[in-house]
Amino acid sequence: MATTVLDQPPNMAALFAKAALTARGRGGDLPDTRLARTGVTVDGGNLAGYARVCGFPLTGALPATYPHVLTFGLQMALMSDRAFPLALPGLVHVRNGIDVVRPIGAAESLDLEVWAERFATHPSGATVDLCASVTSGGEEVWRGRSTYLARGAKAPAGAPESDVTVDVGTLERSVATWRIADDAGRRYAKVSGDVNPIHLSGLTAKAFGFKRAIAHGMWVKARVLGALANRLPESSTIDVGFRKPLFLPSTVTLATAQAGGGWDAAVRNATSGTEHLVGTIRPR
Amino acid sequence: MADWYTTFANSGFGTTLTKQLGLPRPAVLRRYEPGQPLLPGPVVVGSAGKGRLRDAVTAVLRDAGVTVQSPATADGATDGERLGAVVLDATGLAGPGDLASAHDFLAPAIKRLRPSGRVLVLADPPSDADSPAQAAARQAVDGLVRSIAKELRGGATANAVFVPEGAEASLAGPLRFFLSGRSAYVDGQLLTLSPADVPTGEDDDRPLAGKVAVVTGAARGIGASIARVLARDGAHVVAVDIPAAGESLAAVANEIGGTAFQLDITAPDAASRLIEHLRERHGGVDVVVHNAGITRDKLLVNMDAARWNSVMAVNLQAQLDITQALLDDADVLKPDARIVCVSSQSGIAGNRGQTNYAASKAGVIGMVRAWAPEFAARNATINAVAPGFIVTEMTAKMPVGTREIGSRINSLQQGGLPVDVAETIAWLSQPGSAGVNGQTVRVCGQSMLGA
Amino acid sequence: MASNSKPATRKAAIVGGNRIPFARSNSTYAQASNQDMLTATLDGLVARFGLQGAEVGEVVAGAVLKHARDFNLTRESVLGSKLAPSTPAYDVQQACGTGLEAAILVANKIALGQIESGIAGGVDTTSDAPLAVGDDLRRVLISLNNATSLQDRLKALARIRPGMIAPEIPRNSEPRTGLAMGEHAQLTAHEWEIGREEQDELTVRSHQNMAAAYEQGFFDDLVTPFLGLSRDQNLRPDSSLEKLAKLKPVFGRALPEGAEATMTAGNSTPLTDGASAVLLASDEWAAERGLPVLAHLVDAQTAAVDYVHGGEGLLMAPVYAVPRMLARNGLSLQDFDFYEIHEAFASTVLATMKAWEDPAYCKEKLGLDAPLGSIDRAKLNVHGSSLAAGHPFAATGGRIVASLAKTLHRAGPGKRGLISICAAGGQGVVAVLES
């Protein structure tokens with residue numbers, strides 16, 4: 001296993017372009033590569049923008065989902081590399097798990113490491129997990145696992161069954177209604193760097209087979225956590241499944257219920273009830 | 001604030017033009033301002049008949065800082081200074097023959113009268129006369145004064161005060177009023193005094209200091225002006241008007257440092273609420289001015305009951321009910337209280353289209369006359385004031401022709417101002433007006449209507 | 001938690017109040033600002049009590065919807081009024097509880113002897129509501145303002161995009177739930193099984209009570225006309241069950257499927273513009289000026305509920321506040337001669353009373369051994385409330401305090417009244433007045 005340490009954050013737009021141009025003819029097993037950056041510090045302006053867009057209070061600690069933004073560039077760099085077996089355009093984020101080992105201070109110097117694992121078989125294709133670890137002073141403080149589905153792709157022979165189900169209790173009481181504007185994707189792209197065209201506009205989404213632009217799953221997850229801010233365990237495991245795409249614009253409801261010392265949550269379309277996200281938050 | 005024509009007629013070009021065209025030349029009237037001397041020039045006091053009041057008059061005038069000349073000096077015209085007022089003491093007339101001396105005195109004196117000067121004749125009431133000859137002489141004063149008033153120009157006025165035996169002490173206040181700028185628009189009037197306990201040592205600048213005065217209909221027009229003048233004279237004014245007029249009522253109260261009390265005076269419990277308010281907030285009331293009034297004009301044959309009833313309810317019945325309630329209450333009406341009711345020229349002369357209004361306003365005159373003895377018994381007074389053509393927001397809305405004619409058909413050739421009515425009411429409200437009771441004083445510039 | 005005993009203090013007297021008639025949104029007061037309305041209301045109070053040029057201890061007021069330029073709204077209004085310019089003032093905001101909270105603040109300072117007199121008030125307009133530019137444009141404009149060179153300014157200007165221009169209009173919705181207050185109230189009405197008809201009945205009674213009060217001249221010394229309006233514009237003396245029954249429900253988006261929506265424009269308060277003020281003082285101050293003491297503010301309490309994730313109704317906080325205040329004063333819910341429960345919605349009043357009657361709820365949620373019990377409806381909102389008058393958020397508290405104080409005064413000494421006001425953010429402000 002080789003670890004490559006990058007000096008600079010990768011250029012996202014360039015990575016998307018590269019991934020799109022090199023989409024064809026991929027295959028094989030997952031690369032054994034790990035990408036890393038060290039001594040990363042958080043840009044205060046970007047953090048404030050992120051907190052505003054996601055509905056987090058701006059504090060001295062990072063929102064639970066923020067390290068994902070820090071490591072996302074490395075994920076992209078890994079997936080856009082020719083050695084990565086699945087074509088990035090068309091990958092769908094279906095599950096995201098986060099372990100907050102302890103809250104991270106906004107001023108901490110962080111080391112990031114990203115790798116891929118668990119190439120697995122899914123009824124409609126194959127999934128792969130992009131994992132990230134954030135350490136501070138040699139101690140792991142945060143872990144992330146993003147499961148992506150490639151429809152029609154095939155996992156190597158002998159691959160395990162993929163696990164994308166997140167179970168929640170009955171969530172009958174909606175506690176909030178969100179009117180999500182059609183620029184939600186662009187706003188989140190600006191603060192997260194996730195400039196995947198399917199989120200940016202109707203036109204660019206159509207080019208990739210979606211009828212309209214769709215909201216970033218990680219943004220929806222962040223908003224759920226924002227709505228529960230100050231009611232979350234200090235150290236927690238946050239696991240969400242992304243169900244149906246959330247088309248922009250939309251009106252959705254958030255349902256929550258206390259469970260297992262933490263929370264169950266669901267985001268659904270306000271009129272049709274279509275489930276966009278279900279998730280659990282549990283103390284570690 | 002003079003009307004446009006008066007302003008024009010007193011401008012350089014206007015003076016020339018109105019003179020050449022022979023148009024009326026209304027004068028700018030001398031009106032009272034705080035600190036102003038009683039008169040702008042000396043007064044000459046003369047007598048016809050025995051003249052029992054001359055010394056008293058002279059004393060009052062000297063007290064007020066006025067230079068008093070004797071007829072000899074006036075006749076001699078030594079210093080040529082023009083007169084602020086001419087006062088004739090015509091008490092003690094025995095018969096018409098005594099009037100010759102009145103003519104002898106008045107003719108040269110009036111010639112020397114300043115603009116906005118005053119002619120005041122004091123006489124015995126004709127009703128008390130011992131003989132027809134004496135009654136004739138006394139009654140002759142009436143025609144004499146009214147005619148002088150019509151002859152005077154330049155804003156000068158002539159009035160008469162009848163002073164019965166025993167009412168001499170009542171004279172000082174009325175004397176000062178008729179000579180001062182407060183009576184600017186009171187002209188050609190005859191006032192009869194009655195005996196009373198008149199307090200002395202009154203503060204002439206703030207004669208109402210420490211008094212609590214209620215003014216109904218105080219939100220605008222004449223009522224607001226009454227409130228202002230009473231406050232200027234030292235009273236704490238409880239400004240009353242219907243709740244719907246509360247916004248301007250509050251503005252008036254705030255302007256004069258008074259209080260606003262929103263009340264529909266025709267409500268069944270209006271009197272009790274007013275009394276309760278006065279007792280709770282002020283411990284009683286010294287002055288009540290029944291000013292609130294409405295018009296609902298229509299020719300009698302076309303008038304519906306609603307118009308008749310509403311005008312009667314506000315203009316007359318409410319005055320009766322509230323006054324009666326004040327009298328019935330043990331202590332809210334102070335012993336030396338003053339009630340002043342606003343009547344109208346219409347109530348004296350009648351007015352086409354105003355049968356309801358004129359009836360209500362005539363009723364007010366009867367009311368104060370009837371109540372006077374009861375008020376006198378508690379050393380209080382009740383009087384009415386009947387305004388003539390007063391320039392207000394209401395008259396500003398009249399057609400130009402009607403308005404101009406209405407405002408010119410009087411000896412002063414102009415409409416009065418709300419403040420003229422207010423000054424008369426404030427005077428009747430003074431402690432020094434104790435000897436004026438049951439009277440109706442017209443503030444009309446000697447209107448030709450109903451004269 | 002509230003303390004269980006009170007220090008020895010004096011009780012603040014309520015001398016009287018003033019308000020302008022409440023106008024329907026975008027109507028008679030469409031051109032009037034909060035400052036215009038509050039100034040007029042203060043001037044009406046000054047006229048009523050002869051306070052021209054007087055310096056009162058403090059003027060405390062607020063508005064729920066406020067322009068940025070109104071950062072010092074109350075002080076600016078004082079400066080524009082007939083009160084002495086040396087009268088200090090400050091702003092408060094506790095949503096619909098603002099007016100009552102302002103009165104509590106003034107009363108507390110009087111009780112502690114820090115001031116001898118004070119004016120509490122509130123004002124709101126939904127006609128002249130502050131429009132905000134979107135976040136993006138706002139940030140560009142701020143950097144434009146901070147730019148020192150022409151180049152920097154041009155750079156900032158270049159960042160403006162057409163999409164940024166659309167203004168943000170303040171919504172009458174809870175920021176954390178995105179639901180209009182009416183939607184929340186409809187959920188509570190559903191939960192407490194509050195029917196359409198009882199809501200309409202309460203509404204008709206509010207209109208009838210207020211219309212009768214106007215006819216009897218009850219508001220003659222509580223209201224001063226403004227801009228030609230002399231009565232509350234929302235008041236419908238001819239309101240009837242038949243007319244109300246014809247109205248369609250306007251809330252219910254958030255109801256579970258199949259549940260009946262029961263709240264209409266009739267049994268909910270409309271958006272309204274208006275202002276109110278109350279004069280409070282020590283007994284001595286009032287006596288020195290020959291001013292009446294209508295009632296005393298005996299005690300007050302606030303409470304809040306977790307309506308976001310806690311499963312409690314948005315407007316149920318007064319239900320919690322009242323028993324705490326009763327316990328501290330050794331009173332039962334039945335120990336009152338008059339009740340003023342703010343009619344944000346007819347269903348709110350009914351749900352509040354139902355909750356107090358419910359043994360299980362009182363035990364589990366309020367921690368009481370026995371339910372608070374029912375109240376005599378004949379003593380409830382006897383001169384009408386917000387359904388009839390309208391509800392300019394911050395102005396409602398002052399309206400209620402002055403009306404109840406007068407009601408108690410007229411009933412004679414020793415009478416007691418309860419005020420209960422629900423507020424956005426799951427809050428409640430309650431108080432006891434005594435004549």
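Below, chains carry the letters A, B, ... as their sequence lines are ordered, and counting in each starts from 1.
Interface remark: B/Ala244 contributes backbone and side-chain atoms alike to the contact with chain C (heavy atom separation under 4.5 Å).
At a heavy-atom cut-off of under 4.5 Å, chain C is reached by B/Glu247, B/Ala250, B/Ala253, B/Asn254, B/Gly257, B/Gly258, B/Thr259, B/Ala260 from residues 247-261 of chain B, listed in order of number. For residues 272-290 of chain B, the interface with chain C (any heavy-atom pair closer than 4.5 Å) comprises B/Arg273, B/Glu280, B/Arg281, sorted by residue number.
In terms of non-hydrogen atom pairs under 4.5 Å with chain B, the most contact-rich of C/Pro225, C/Gly228, C/Gly290 is C/Pro225.
Judged by distance alone, with hydrogens and angles left aside, the side-chain atoms of B/Gln262 form no donor-acceptor pair with the main-chain N or O of C/Asp221 at under 3.5 Å.
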